Amino acid sequence: MAVSVAILWAVIVLILYSIADLFGKRVVIRYGYKHAAAVVGLLSLVPFIVLYIALPQHITTYSIEVSAIAGVFYGIGFLALYKALVTEQTTNTFALTESFKAWLVLFGAFVAGSVLSLGKWGGVGLIFLGSFMVITTENMKINRKFAYALLGFVCWAILWTMMYYAIVNSKSYIPEGFIAAFFATLTAAIAAVTMPDKALEHRKGAAASKSGGSVWHAVVVGIAIGAGSLIFGYLIRDNMLSQGAAIIALTPIVVAIASKKIYLDRLTTVQVAGIAVAVAGALVLAFV
(Lines give C-alpha, C1' and ligand atoms only; values in the text may rest on other atoms or scores of the structure.)
Protein backbone atom coordinates (compact mmCIF):
# COMPACT_ATOMS: atom_id res chain seq x y z
CA MET A 1 0.00 0.00 0.00
CA ALA A 2 2.81 2.38 0.97
CA VAL A 3 4.56 1.67 -2.31
CA SER A 4 1.47 2.50 -4.37
CA VAL A 5 0.97 5.74 -2.40
CA ALA A 6 4.60 6.70 -2.97
CA ILE A 7 4.29 6.04 -6.70
CA LEU A 8 1.10 8.10 -6.90
CA TRP A 9 2.77 11.08 -5.22
CA ALA A 10 5.85 10.59 -7.40
CA VAL A 11 3.69 10.79 -10.53
CA ILE A 12 2.23 14.07 -9.26
CA VAL A 13 5.75 15.40 -8.61
CA LEU A 14 6.74 14.31 -12.13
CA ILE A 15 3.83 16.29 -13.60
CA LEU A 16 4.46 19.38 -11.47
CA TYR A 17 8.22 19.50 -12.05
CA SER A 18 7.74 18.84 -15.78
CA ILE A 19 5.34 21.80 -16.02
CA ALA A 20 7.75 24.04 -14.08
CA ASP A 21 10.73 23.00 -16.22
CA LEU A 22 8.80 23.33 -19.45
CA PHE A 23 7.61 26.91 -18.94
CA GLY A 24 10.58 28.20 -16.95
CA LYS A 25 12.23 29.57 -20.08
CA ARG A 26 9.19 31.72 -20.87
CA VAL A 27 9.39 33.29 -17.42
CA VAL A 28 13.11 33.97 -17.95
CA ILE A 29 12.42 35.57 -21.32
CA ARG A 30 9.80 37.86 -19.84
CA TYR A 31 11.49 38.97 -16.61
CA GLY A 32 15.21 38.28 -17.07
CA TYR A 33 16.86 35.46 -15.16
CA LYS A 34 17.43 37.28 -11.83
CA HIS A 35 13.91 38.67 -11.56
CA ALA A 36 12.47 35.37 -12.80
CA ALA A 37 14.22 33.52 -9.97
CA ALA A 38 12.83 35.99 -7.42
CA VAL A 39 9.29 35.90 -8.83
CA VAL A 40 9.17 32.11 -9.08
CA GLY A 41 10.61 31.77 -5.57
CA LEU A 42 8.00 34.15 -4.16
CA LEU A 43 5.12 32.33 -5.83
CA SER A 44 6.45 28.95 -4.68
CA LEU A 45 5.70 30.03 -1.11
CA VAL A 46 1.95 29.87 -1.73
CA PRO A 47 1.45 26.06 -1.43
CA PHE A 48 3.45 26.01 1.82
CA ILE A 49 1.43 28.86 3.33
CA VAL A 50 -1.90 27.29 2.37
CA LEU A 51 -1.02 23.85 3.72
CA TYR A 52 0.53 25.23 6.92
CA ILE A 53 -2.70 27.09 7.69
CA ALA A 54 -4.61 23.81 7.27
CA LEU A 55 -1.93 21.60 8.84
CA PRO A 56 0.43 23.49 11.19
CA GLN A 57 3.60 21.60 12.09
CA HIS A 58 6.30 21.90 14.73
CA ILE A 59 9.88 22.74 13.75
CA THR A 60 13.08 22.69 15.80
CA THR A 61 15.60 25.52 16.03
CA TYR A 62 18.16 23.29 14.30
CA SER A 63 15.80 22.68 11.39
CA ILE A 64 15.09 26.41 11.04
CA GLU A 65 18.80 27.19 10.77
CA VAL A 66 19.56 24.36 8.35
CA SER A 67 16.53 25.17 6.17
CA ALA A 68 17.58 28.83 5.98
CA ILE A 69 21.10 27.96 4.83
CA ALA A 70 19.66 25.42 2.39
CA GLY A 71 17.42 28.16 1.02
CA VAL A 72 20.45 30.26 0.07
CA PHE A 73 21.76 27.37 -2.04
CA TYR A 74 18.22 26.99 -3.44
CA GLY A 75 18.26 30.62 -4.58
CA ILE A 76 21.77 30.39 -6.07
CA GLY A 77 20.64 27.27 -7.92
CA PHE A 78 17.68 29.13 -9.41
CA LEU A 79 19.88 32.02 -10.51
CA ALA A 80 22.44 29.74 -12.15
CA LEU A 81 19.85 27.53 -13.83
CA TYR A 82 17.84 30.46 -15.19
CA LYS A 83 21.08 32.09 -16.36
CA ALA A 84 21.67 29.00 -18.49
CA LEU A 85 18.12 29.20 -19.88
CA VAL A 86 18.84 32.68 -21.25
CA THR A 87 20.86 31.15 -24.09
CA GLU A 88 20.34 27.39 -23.96
CA GLN A 89 17.48 25.08 -24.90
CA THR A 90 15.05 23.81 -22.32
CA THR A 91 15.66 20.18 -23.29
CA ASN A 92 19.45 20.22 -22.82
CA THR A 93 19.35 22.32 -19.68
CA PHE A 94 16.86 20.25 -17.73
CA ALA A 95 18.34 16.96 -18.93
CA LEU A 96 21.15 17.84 -16.56
CA THR A 97 18.78 17.50 -13.59
CA GLU A 98 19.90 13.89 -13.39
CA SER A 99 23.38 15.13 -12.42
CA PHE A 100 22.19 16.32 -9.04
CA LYS A 101 20.93 12.82 -8.21
CA ALA A 102 24.47 11.56 -8.81
CA TRP A 103 25.88 14.30 -6.57
CA LEU A 104 23.49 13.23 -3.80
CA VAL A 105 24.69 9.63 -4.07
CA LEU A 106 28.34 10.70 -3.99
CA PHE A 107 27.63 12.85 -0.95
CA GLY A 108 26.21 9.83 0.81
CA ALA A 109 29.29 7.79 -0.06
CA PHE A 110 32.06 10.27 0.77
CA VAL A 111 30.47 12.43 3.50
CA ALA A 112 27.75 10.37 5.15
CA GLY A 113 29.72 7.13 4.88
CA SER A 114 27.17 5.16 2.84
CA VAL A 115 28.39 2.01 1.13
CA LEU A 116 27.57 1.96 -2.58
CA SER A 117 27.00 -1.20 -4.53
CA LEU A 118 28.73 -1.78 -7.85
CA GLY A 119 25.40 -1.13 -9.56
CA LYS A 120 25.00 2.30 -7.97
CA TRP A 121 28.54 3.24 -8.99
CA GLY A 122 27.54 2.22 -12.50
CA GLY A 123 24.43 4.42 -12.28
CA VAL A 124 26.52 7.40 -11.19
CA GLY A 125 28.90 6.77 -14.07
CA LEU A 126 26.04 6.64 -16.57
CA ILE A 127 24.61 9.93 -15.31
CA PHE A 128 27.92 11.74 -15.63
CA LEU A 129 28.54 10.21 -19.05
CA GLY A 130 25.08 11.20 -20.23
CA SER A 131 25.47 14.71 -18.82
CA PHE A 132 28.75 15.11 -20.69
CA MET A 133 27.08 14.03 -23.93
CA VAL A 134 24.23 16.51 -23.38
CA ILE A 135 26.56 19.53 -23.07
CA THR A 136 28.47 18.81 -26.27
CA THR A 137 28.03 20.81 -29.47
CA GLU A 138 27.64 19.51 -33.00
CA ASN A 139 31.44 19.55 -33.29
CA MET A 140 31.70 17.44 -30.12
CA LYS A 141 33.08 20.36 -28.13
CA ILE A 142 31.89 21.22 -24.63
CA ASN A 143 29.36 24.05 -24.44
CA ARG A 144 30.71 26.00 -21.46
CA LYS A 145 27.44 27.88 -21.03
CA PHE A 146 26.00 24.72 -19.47
CA ALA A 147 28.36 25.26 -16.54
CA TYR A 148 25.66 27.52 -15.08
CA ALA A 149 23.10 24.71 -15.24
CA LEU A 150 25.51 22.25 -13.65
CA LEU A 151 26.27 24.76 -10.88
CA GLY A 152 22.55 25.17 -10.31
CA PHE A 153 21.95 21.47 -9.93
CA VAL A 154 24.95 21.05 -7.61
CA CYS A 155 23.41 23.78 -5.42
CA TRP A 156 20.12 21.89 -5.46
CA ALA A 157 21.94 18.70 -4.46
CA ILE A 158 23.27 20.58 -1.43
CA LEU A 159 19.78 21.97 -0.83
CA TRP A 160 18.08 18.58 -0.63
CA THR A 161 20.90 17.06 1.39
CA MET A 162 20.47 19.77 4.02
CA MET A 163 16.68 19.55 3.81
CA TYR A 164 16.91 15.84 4.53
CA TYR A 165 18.64 16.55 7.84
CA ALA A 166 16.21 19.36 8.68
CA ILE A 167 13.14 17.26 7.93
CA VAL A 168 14.40 14.19 9.78
CA ASN A 169 15.34 16.31 12.81
CA SER A 170 11.93 17.93 13.27
CA LYS A 171 9.77 15.20 11.70
CA SER A 172 7.96 17.87 9.67
CA TYR A 173 8.31 19.21 6.14
CA ILE A 174 5.98 22.18 5.59
CA PRO A 175 7.82 24.84 7.67
CA GLU A 176 11.20 23.61 6.39
CA GLY A 177 10.06 23.99 2.79
CA PHE A 178 8.62 27.44 3.46
CA ILE A 179 11.82 28.69 5.10
CA ALA A 180 13.98 27.32 2.27
CA ALA A 181 11.75 28.90 -0.39
CA PHE A 182 11.70 32.22 1.51
CA PHE A 183 15.48 32.44 1.71
CA ALA A 184 15.75 31.36 -1.94
CA THR A 185 13.47 34.26 -2.86
CA LEU A 186 15.49 36.63 -0.68
CA THR A 187 18.75 35.48 -2.28
CA ALA A 188 17.39 35.99 -5.80
CA ALA A 189 15.89 39.38 -4.88
CA ILE A 190 19.21 40.59 -3.46
CA ALA A 191 20.95 39.48 -6.66
CA ALA A 192 18.35 41.31 -8.78
CA VAL A 193 18.83 44.53 -6.82
CA THR A 194 22.60 44.50 -6.35
CA MET A 195 23.58 43.02 -9.72
CA PRO A 196 21.30 44.67 -12.29
CA ASP A 197 21.46 43.47 -15.89
CA LYS A 198 23.39 45.53 -18.38
CA ALA A 199 21.42 47.93 -20.57
CA LEU A 200 21.90 45.69 -23.58
CA GLU A 201 20.48 42.71 -21.71
CA HIS A 202 17.50 44.81 -20.65
CA ARG A 203 16.81 45.79 -24.25
CA LYS A 204 17.03 42.19 -25.37
CA GLY A 205 14.72 41.17 -22.53
CA ALA A 206 12.21 43.87 -23.40
CA ALA A 207 12.14 42.79 -27.02
CA ALA A 208 11.91 39.14 -26.10
CA SER A 209 9.07 39.74 -23.62
CA LYS A 210 6.78 40.67 -26.49
CA SER A 211 6.91 37.08 -27.66
CA GLY A 212 7.74 35.61 -24.27
CA GLY A 213 5.62 34.22 -21.50
CA SER A 214 2.68 35.87 -19.78
CA VAL A 215 2.28 36.59 -16.08
CA TRP A 216 0.34 33.36 -15.84
CA HIS A 217 3.40 31.38 -16.88
CA ALA A 218 5.21 32.74 -13.82
CA VAL A 219 2.24 31.83 -11.61
CA VAL A 220 2.05 28.30 -12.99
CA VAL A 221 5.80 27.72 -12.70
CA GLY A 222 5.98 29.10 -9.15
CA ILE A 223 2.98 27.14 -7.87
CA ALA A 224 4.16 23.95 -9.59
CA ILE A 225 7.65 24.20 -8.07
CA GLY A 226 6.23 24.96 -4.63
CA ALA A 227 3.72 22.11 -4.73
CA GLY A 228 6.29 19.69 -6.15
CA SER A 229 8.82 20.58 -3.45
CA LEU A 230 6.11 20.25 -0.81
CA ILE A 231 5.37 16.68 -1.88
CA PHE A 232 9.11 15.98 -2.23
CA GLY A 233 9.57 16.96 1.42
CA TYR A 234 6.64 14.77 2.44
CA LEU A 235 8.19 11.77 0.69
CA ILE A 236 11.46 12.42 2.52
CA ARG A 237 9.75 12.64 5.91
CA ASP A 238 7.82 9.41 5.42
CA ASN A 239 10.83 7.62 3.89
CA MET A 240 9.05 7.01 0.59
CA LEU A 241 11.33 8.94 -1.75
CA SER A 242 13.33 5.93 -2.92
CA GLN A 243 10.12 4.13 -3.91
CA GLY A 244 9.09 6.94 -6.25
CA ALA A 245 12.55 8.03 -7.39
CA ALA A 246 12.36 6.13 -10.68
CA ILE A 247 9.16 7.97 -11.63
CA ILE A 248 10.59 11.40 -10.81
CA ALA A 249 13.74 10.50 -12.78
CA LEU A 250 11.64 10.49 -15.96
CA THR A 251 11.10 14.28 -15.79
CA PRO A 252 13.77 15.11 -18.45
CA ILE A 253 12.10 12.71 -20.89
CA VAL A 254 8.70 14.38 -20.47
CA VAL A 255 10.30 17.83 -20.81
CA ALA A 256 12.26 16.79 -23.89
CA ILE A 257 9.16 15.50 -25.68
CA ALA A 258 7.09 18.57 -24.79
CA SER A 259 9.90 21.01 -25.62
CA LYS A 260 10.16 19.49 -29.08
CA LYS A 261 6.56 20.55 -29.67
CA ILE A 262 6.57 23.92 -27.88
CA TYR A 263 10.06 25.32 -28.45
CA LEU A 264 11.04 23.23 -31.48
CA ASP A 265 14.24 22.30 -29.66
CA ARG A 266 16.80 20.63 -31.87
CA LEU A 267 19.24 18.08 -30.51
CA THR A 268 22.17 16.27 -32.03
CA THR A 269 22.20 12.48 -32.04
CA VAL A 270 24.82 12.51 -29.29
CA GLN A 271 22.69 14.82 -27.11
CA VAL A 272 19.61 12.62 -27.52
CA ALA A 273 21.70 9.59 -26.61
CA GLY A 274 23.07 11.52 -23.63
CA ILE A 275 19.59 12.16 -22.26
CA ALA A 276 18.76 8.47 -22.59
CA VAL A 277 22.02 7.44 -20.87
CA ALA A 278 21.52 9.91 -17.99
CA VAL A 279 17.94 8.76 -17.39
CA ALA A 280 19.09 5.14 -17.51
CA GLY A 281 21.66 5.96 -14.84
CA ALA A 282 18.98 7.55 -12.66
CA LEU A 283 16.79 4.47 -13.04
CA VAL A 284 19.73 2.26 -12.04
CA LEU A 285 20.17 4.35 -8.87
CA ALA A 286 16.48 3.94 -8.11
CA PHE A 287 16.27 0.19 -8.59
CA VAL A 288 19.70 -1.23 -7.70
Side-chain angles (χ1 to χ4, degrees), residues 10 13 16-17 20-21 24 33-34 36-45 47-48 59-60 62-85 93-94 96-112 114 127 131 147-170 172-191 221-222 224-237 239 241-242 244-245 248-249 251-252 282 285:
V13 172
L16 291 170
Y17 278 176
D21 292 353
Y33 77 94
K34 298 187 190 79
V39 169
V40 168
L42 182 63
L43 290 167
S44 73
L45 293 171
F48 292 101
I59 184 172
T60 64
Y62 170 83
S63 295
I64 291 174
E65 295 170 347
V66 173
S67 299
I69 298 172
V72 175
F73 283 100
Y74 194 11
I76 295 173
F78 264 126
L79 290 167
L81 175 62
Y82 282 0
K83 172 69 173 176
L85 278 178
T93 302
F94 285 105
L96 298 176
T97 55
E98 306 296 9
S99 64
F100 98 76
K101 300 179 180 68
W103 287 112
L104 288 174
V105 172
L106 292 179
F107 175 89
F110 292 105
V111 179
S114 301
I127 287 176
S131 297
Y148 289 111
L150 289 172
L151 171 62
F153 293 130
V154 169
C155 286
W156 284 1
I158 297 173
L159 157 72
W160 284 110
T161 300
M162 298 184 72
M163 290 297 287
Y164 170 81
Y165 288 112
I167 290 170
V168 169
N169 180 266
S170 62
S172 60
Y173 61 96
I174 302 173
E176 287 84 356
F178 173 83
I179 292 170
F182 174 81
F183 276 89
T185 304
L186 184 61
T187 300
I190 291 173
V221 170
I225 288 178
S229 297
L230 188 63
I231 299 172
F232 206 87
Y234 165 72
L235 293 175
I236 290 176
R237 189 199 64 172
N239 198 30
L241 185 59
S242 61
I248 300 173
T251 303
L285 291 181

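Starting from 1, each residue takes its place in the sequence as its number. This is a predicted model, so every value here is computed, not measured.
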How close do Ser44 and Ile225 get, heavy atom to heavy atom, and via which atoms?
-> CB-CG2, 4.4 Å
Donor-acceptor contact present, side-chain Ser63 to main-chain Ala166, <3.5 Å | yes
Where is the tightest heavy-atom contact between Ala224 and Leu16, given as atom of each residue plus distance?
-> CB-O, 3.4 Å
Measure the spacing between CG of Leu230 and CG of Leu235 and express it to the nearest 0.5 Å.
-> 10.0 Å
Over all atoms of both residues, closest heavy-atom pair of Ser67 and Met163 | OG-SD, 4.1 Å
Test log, rule side chain to side chain contact (heavy atoms under 4.5 Å, CB included), inputs Trp156 and Phe78 | CA-CA 9 Å; Trp156 284 1; Phe78 264 126; 3.8 Å; yes
Taken in chain and number order and not counting sequence neighbours, the residues that satisfy side-chain contact (heavy atoms from CB on, under 4.5 Å) with Leu151 are Ala80, Cys155
Go through the structure and list residues passing side-chain contact (heavy atoms from CB on, under 4.5 Å) with Val39, not counting sequence neighbours.
-> Leu43, Ala218
How far apart are the closest heavy atoms of Ala37 and Leu79, and which atoms are they?
-> CB-CD2, 3.9 Å
Residues at least two apart in sequence or cross-chain that pass side chain to side chain donor-acceptor pair (under 3.5 Å) with Tyr17, listed by chain then number, are Ser229
Return yes when atom CZ of Phe73 has more than 12 non-hydrogen atoms of other residues, nucleotides or ligands closer than 6.0 Å, and no otherwise.
-> no
Pick one: which of Thr161, Val168, Ile167 meets side-chain contact (heavy atoms from CB on, under 4.5 Å) with Tyr165?
-> Thr161
All N/O donor-acceptor pairs, side-chain side in residues 176-190, below 3.5 Å, sequence neighbours left out:
{"from": "Glu176", "atom 1": "OE1", "to": "Ser172", "atom 2": "OG", "distance (Å)": "3.1"}
{"from": "Glu176", "atom 1": "OE1", "to": "Tyr173", "atom 2": "N", "distance (Å)": "3.2"}
{"from": "Glu176", "atom 1": "OE2", "to": "Ser170", "atom 2": "OG", "distance (Å)": "2.1"}
{"from": "Glu176", "atom 1": "OE2", "to": "Ser172", "atom 2": "OG", "distance (Å)": "2.8"}
{"from": "Thr185", "atom 1": "OG1", "to": "Gly41", "atom 2": "O", "distance (Å)": "3.0"}
{"from": "Thr185", "atom 1": "OG1", "to": "Leu42", "atom 2": "N", "distance (Å)": "3.1"}
{"from": "Thr185", "atom 1": "OG1", "to": "Ala181", "atom 2": "O", "distance (Å)": "2.9"}
{"from": "Thr187", "atom 1": "OG1", "to": "Phe183", "atom 2": "O", "distance (Å)": "2.7"}

Show your reasoning for whether side chain to side chain contact (heavy atoms under 4.5 Å, CB included) applies to Asn169 and Val66.
-> CA-CA 10 Å; Asn169 180 266; Val66 173; over 6 Å; no
